[in-house]
Chemist: 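The structure is given below, and queries will be raised subsequently.
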Amino acid sequence: MPELPEVETIARNLRTGYGDLPALPGLQVRQVELLWDRSLATPSPQEFRARLIGQTVEQIWRRGKFLALTLSKDHLLFHLRMSGDLLVEREEDPISPYHRMMIEFNTPYRLSFNDPRKFGRVWLVDDPQMVFRSLGPEPLGEEFTAQGLYRSLRERHRQLKPLLLDQSFIAGLGNIYADEALFRAGLHPLLASDKVNERQAQRLWESIRLVLEESIRRNGASIDWVYRGGDFQNYFRVYRRTGGPCTVCGTPVARMVVGQRGTHYCPHCQPLP
DNA sequence: ACGAGCGCCTGTCGGC
DNA sequence: TGCCGACAGGCGCTCG
């Protein structure tokens, strides 16, 4: 469940606690269990354990689709990729066969990295910029402006859909929110970025922020077997609605493959000139 | 610079 | 029922 709104939701839950479960800030790492070595991007398992044990969680934040824990000495970074999730559990809770890492605290609780498909990655670094350097602007941040988006679109020659998925262009959009933003902006996924005019760029900028903000308000989207309580999936206009009526004009939603990703759009509302 | 194809993994679903 | 392909919220790599 990992695009910007879902990661933001997880970060908020870890920061403040949810249900009976505690907030993470203030907890000290007592032990580390690495159940699938390749989930660890860096450093080596031995160094990871040695450095992590004893550190205290200070802050929890998000950059793009990355979730970051600021610790007393280092930063612990997670990328959930396709199927990753972070869960706070009690020590007596059963260990899921999909748990890839467990960080046990000096309390009866642990932070479990659950990831059926094993695509997710974890980094322990002193400087998060080592990992974040190539990321584009935060779409909900002040540095992301309609004018800036317009200029960036014009200086490239890319199809809009793959460009929105490019994390060095904007950090945090994935397949759902790229499709939903393009629909709301009335732009075809294959439109060349340098053909977008100023008015269209303004509308795309508003659409990106609108879908992300609305999804965060709804605690993200929950699809398939991964469920975290978000309900933005009930407000999708095009994503996985192939054949269903466009909410604006009634035309059946179409699906095509762009850059190996399923892409959903309304052929009437998002025409290709 | 850009896009296509593939690899990494496991699970679900629909068709035959 | 069992098998098989398509598909799934991502990204890094190689190759034209």
Chemist: Do A:Asn234 and A:Arg218 pair up side chain to side chain, a donor and an acceptor below 3.5 Å, judged on atom types alone?
Modeler: no
Chemist: Do the side-chain N or O atoms of A:Tyr239 get closer than 4.0 angstrom to the phosphate oxygens (OP1, OP2) of C:dG9?
Modeler: yes
Chemist: Using atom CG of A:Leu4 as one end and atom C1' of C:dG9 as the other, report the distance to the nearest whole Å.
Modeler: 12 Å
Chemist: Verify the contact: side-chain N or O of A:Arg158 to OP1 or OP2 of B:dG3, cut-off strictly under 4.0 Å; return yes or no.
Modeler: yes
Chemist: Does either side chain, that of A:Trp205 or that of A:Thr145, offer a donor lying less than 3.5 Å from an acceptor on the other one?
Modeler: no
Chemist: Within the modelled atom types, does a donor on one side and an acceptor on the other bring the side chain of A:Arg117 and the base of C:dA8 under 3.5 Å apart?
Modeler: yes
Chemist: Would you kindly give the CZ-to-P distance between A:Arg121 and C:dG9, to the nearest whole Å?
Modeler: 18 Å
Chemist: With rounding to the closest Å, how many angstrom separate the P atoms on C:dG9 and B:dC13?
Modeler: 15 Å
Chemist: Taking the six-membered ring for Trp, are A:Phe232 and A:Phe236 parallel (under 30°), tilted (30 to 60°) or perpendicular (over 60°)?
Modeler: perpendicular
Chemist: Would A:Arg90 count as a cation-pi partner of A:Tyr109, with NZ or CZ less than 6.0 Å from the six-membered ring centre and within 45° of the ring normal?
Modeler: yes
Chemist: Suppose we define a pair by two distances each less than 3.5 Å, Watson-Crick or G-U wobble; what does C:dA6 pair with here?
Modeler: B:dT12
Chemist: Rounding to the closest angstrom, what is the interatomic distance between B:dC9 and C:dC13 at atom P?
Modeler: 15 Å
Chemist: Base, sugar-phosphate, or nothing for A:Tyr98, non-hydrogen atoms under 4.0 angstrom?
Modeler: sugar-phosphate
Chemist: Can you tell me if the side-chain N/O atoms of A:Lys118 get under 4.0 Å from OP1 or OP2 in B:dC8?
Modeler: no
Chemist: Rounded to whole Å, please give me the gap between CD in A:Gln167 and P in C:dG9.
Modeler: 14 Å
Chemist: How close or far is atom P of C:dC11 from atom CG of A:Leu77, stated in whole angstroms?
Modeler: 14 Å
Chemist: Could you give the NE2-to-C1' distance, from A:His99 to B:dC9, as a whole number of Å?
Modeler: 17 Å
Chemist: Has A:Phe119 got its ring stacked on C:dC11, by the test of a centre gap below 5.5 Å and a plane angle below 30°?
Modeler: no
Chemist: Between A:Arg156 and A:Asp194, does at least one N-O distance fall below 4.0 Å, as a salt bridge requires?
Modeler: no
Chemist: Looking across every strand, which nucleic acid part, if any, lies under 4.0 Å from A:Arg38 by heavy atom: base, sugar-phosphate, or nothing?
Modeler: sugar-phosphate
Chemist: What is the separation between atom CG on A:Leu40 and atom P on B:dC8, rounded to the nearest whole Å?
Modeler: 19 Å
Chemist: Any side-chain N or O of A:Arg255 under 4.0 Å from OP1/OP2 of C:dC7?
Modeler: yes
Chemist: Taking CG from A:Leu165 and P from C:dG9, how many angstroms apart are they, rounded to a whole number?
Modeler: 10 Å
Chemist: Could you pick out which residue, A:Trp36 or A:Gln159, lies toward the 5' side of DNA chain B when each is mapped onto its nearest nucleotide?
Modeler: A:Gln159
Chemist: Report the distance from atom CG of A:Leu80 to atom C1' of C:dA8, rounded to the nearest whole Å.
Modeler: 15 Å
Chemist: With a 4.0 Å limit, can you tell me whether A:Gln260 has a side-chain N or O closer than that to the phosphate oxygens OP1/OP2 of B:dC6?
Modeler: no
Chemist: Taking atom types as modelled and ignoring hydrogens, do the side chains of A:Gln202 and A:Glu198 form a donor-acceptor contact shorter than 3.5 angstrom?
Modeler: no
